Amino acid sequence: MATTNWAFDPAHSELQFKVKHLLISTVTGNFKELTGSVVAGDSFDDARIQFETSIDSLSTHNEQRDQHLKGADFFEADQFPKLSFTSTRFEKKGEDHYNLEGDLTIKGITKPVSLNVEYNGTAQDPYGNTKAGFELNGKINRSEFGLTWNALTEAGGMVVSDEVKLLGNIQLIKQ
């Protein structure tokens, strides 16, 4: 079977995270630098996917919070500068729906994760490049990756939820 190489289009790809703060509101952040590649056959069934991002590119639109997240209490960006993912399985579940399983590495800790993926189609851009679009979502438990900092409110509630939602909008460009 012939394979096709695809690269993440950095201008049209993003990885976001959402986490509850005080369990009453949600803080949204994103990683501004996202690179990756996909090797797939004629369809994307059984595609091999890898991506990574720089922890220093993290932004929640609040500089003080961003520095806290990049520091020793959370990501330790100086010691662990990258977040990475390598697929172990990409399985079609419906017409445009897939299950993506793989190994996510944060702070040197690698754990298996499962993500839902929706294929949005393939198109030609105005410059003749072939593009393919996907949306992904899933959840992780941040403490499993060594992101364990927390504080308690006066009422005993957690300041930051352990559950983190991951959302990605990925546009690939055929190589």
Side-chain angles (χ1 to χ4, degrees), residues 3-21 26-40 44 46-91 98-119 131-150 159-175:
T3 59
T4 302
N5 293 318
W6 300 80
F8 280 40
D9 181 344
H12 299 103
S13 298
E14 64 182 0
L15 181 62
Q16 292 183 322
F17 60 90
K18 294 181 178 285
V19 64
K20 289 283 188 189
H21 180 257
T26 300
V27 171
T28 300
N30 71 308
F31 295 95
K32 294 186 245 175
E33 295 174 16
L34 181 63
T35 60
S37 64
V38 174
V39 177
F44 286 95
D46 297 323
R48 294 186 314 274
I49 301 153
Q50 75 80 31
F51 63 82
E52 73 176 23
T53 185
S54 163
I55 298 300
D56 275 337
S57 76
L58 177 150
S59 174
T60 63
H61 305 290
N62 179 296
E63 186 60 32
Q64 184 177 359
R65 180 174 47 225
D66 294 351
Q67 291 309 312
H68 187 209
L69 289 170
K70 294 173 189 179
D73 284 341
F74 285 96
F75 285 101
E76 296 182 71
D78 289 344
Q79 187 175 352
F80 303 101
K82 301 283 184 189
L83 172 154
S84 65
F85 176 86
T86 302
S87 68
T88 56
R89 185 176 186 167
F90 190 65
E91 181 179 24
Y98 294 82
N99 182 55
L100 172 58
E101 296 176 10
D103 295 323
L104 179 64
T105 301
I106 301 172
K107 282 185 70 171
I109 298 170
T110 302
K111 297 280 183 184
V113 298
S114 181
L115 304 169
N116 300 309
V117 178
E118 183 175 354
Y119 171 57
K131 304 276 188 98
F134 296 86
E135 292 180 22
L136 63 88
N137 68 74
K139 297 177 186 176
I140 64 168
N141 181 320
R142 68 183 178 90
S143 63
E144 291 179 354
F145 293 92
L147 304 173
T148 57
W149 180 91
N150 219 331
V159 171
V160 181
S161 172
D162 265 345
E163 180 181 276
V164 178
K165 294 179 183 176
L166 300 177
L167 305 158
N169 288 293
I170 310 300
Q171 190 173 112
L172 302 176
I173 183 167
K174 191 174 188 178
Q175 300 298 287

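Values in this document were obtained by computation on a predicted structure and should not be read as measured data.
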**Message:** Would Ile106 and Phe80 count as a side-chain contact (heavy atoms from CB on, under 4.5 Å) here? Give the steps.
**Reply:** CA-CA 8 Å; Ile106 301 172; Phe80 303 101; over 6 Å; no
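- Here the closest non-hydrogen pair linking Ile55 and Ala77 is CG2-CB, 3.6 Å.
- Using the six-membered ring where Trp is involved, Trp149 and Phe74 have ring planes that are tilted, between 30° and 60° apart.
- More than 12 heavy atoms of other residues, nucleotides or ligands sit less than 6.0 Å from atom NZ of Lys70.
- Considering Val117, Asn116, Leu166 in turn, Asn116 is the only one that fulfils the side-chain contact (heavy atoms from CB on, under 4.5 Å) rule with Asn137.
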**Request:** Show your reasoning for whether side-chain contact (heavy atoms from CB on, under 4.5 Å) applies to Leu58 and Leu83.
**Result:** CA-CA 11 Å; Leu58 177 150; Leu83 172 154; over 6 Å; no
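- Remark: side-chain polar atoms of Thr53 are paired, donor with acceptor, to backbone N or O of Glu33 under 3.5 angstrom.
- Between the side chain of Thr60 and the main chain of Gly29, no donor-acceptor pair closer than 3.5 Å is present.
- Taking each heavy atom of Ser87 and Ala47 in turn, the nearest pair found is OG-O, 3.9 Å.
- No side-chain donor-acceptor contact under 3.5 Å links Lys107 to the backbone of Phe145.
- Heavy atoms of other residues, nucleotides or ligands lying less than 6.0 angstrom from NZ of Lys174 number 12 at most.
- Closest non-hydrogen pair, Ile109 versus Gly146, comes out as CD1-N, 3.7 Å.
- A donor-acceptor contact shorter than 3.5 Å links the side chain of Arg142 to the backbone of Leu147.
- One distance of note links CZ of Phe17 with CG of Leu69; it measures 6.0 Å at 0.5 Å rounding.
- Summarising the geometry, atom OG1 belonging to Thr88 is positioned 13.0 Å from atom CZ belonging to Arg48; distances are rounded to the nearest 0.5 Å.
- A heavy-atom distance below 4.5 Å is found between the side chains of Val38 and Phe8.
- One finds the NE2 atom of His68 at 3.5 Å from the CG atom of Asp73 (value rounded to the nearest 0.5 Å).
- Considering only heavy atoms from C-beta on, Ser114 stays 4.5 Å or farther from Leu100 through its side chain.
- Thr105 contributes atom OG1, which lies 10.5 Å from atom CD of Glu52 (distance to the nearest 0.5 angstrom).
- For Lys131, the side-chain contact (heavy atoms from CB on, under 4.5 Å) partners at least two apart in sequence or on another chain are Asp9, His12, Asp125, Asn129, Gln171, Ile173.
- From Glu135, atom CD reaches atom CD of Glu14 across 9.5 Å, with rounding to the nearest 0.5 Å.
- Between Glu101 atom CD and Arg89 atom CZ the span is 6.0 Å, to the nearest 0.5 Å.
- A side-chain hydrogen bond (donor to acceptor under 3.5 Å, both in side chains) with Gln67 holds for exactly one of Glu63, Arg65, Gln64; it is Glu63.
- The shortest distance between side-chain heavy atoms of Lys111 and Leu104 does not fall below 4.5 Å.
- Between Phe134 and Tyr119, the ring planes lie tilted relative to each other; the angle falls in the 30° to 60° range.
- Looking at Phe51 and Phe31, their side chains never come closer than 4.5 Å, going by heavy atoms from C-beta outward.
- Side-chain atoms of Ser161 do not come within 3.5 Å of backbone N or O of Lys20 as any donor-acceptor pair.
- Residues Leu34 and Ile170 have side chains in contact (heavy-atom distance under 4.5 Å, counting atoms from C-beta outward).
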**Request:** For Glu91 and Asn99, run side-chain hydrogen bond (donor to acceptor under 3.5 Å, both in side chains): C-alpha distance rounded to whole Å, both residues' side-chain angles, the deciding distance at 0.1 Å, then the answer.
**Result:** CA-CA 5 Å; Glu91 181 179 24; Asn99 182 55; 5.0 Å; no
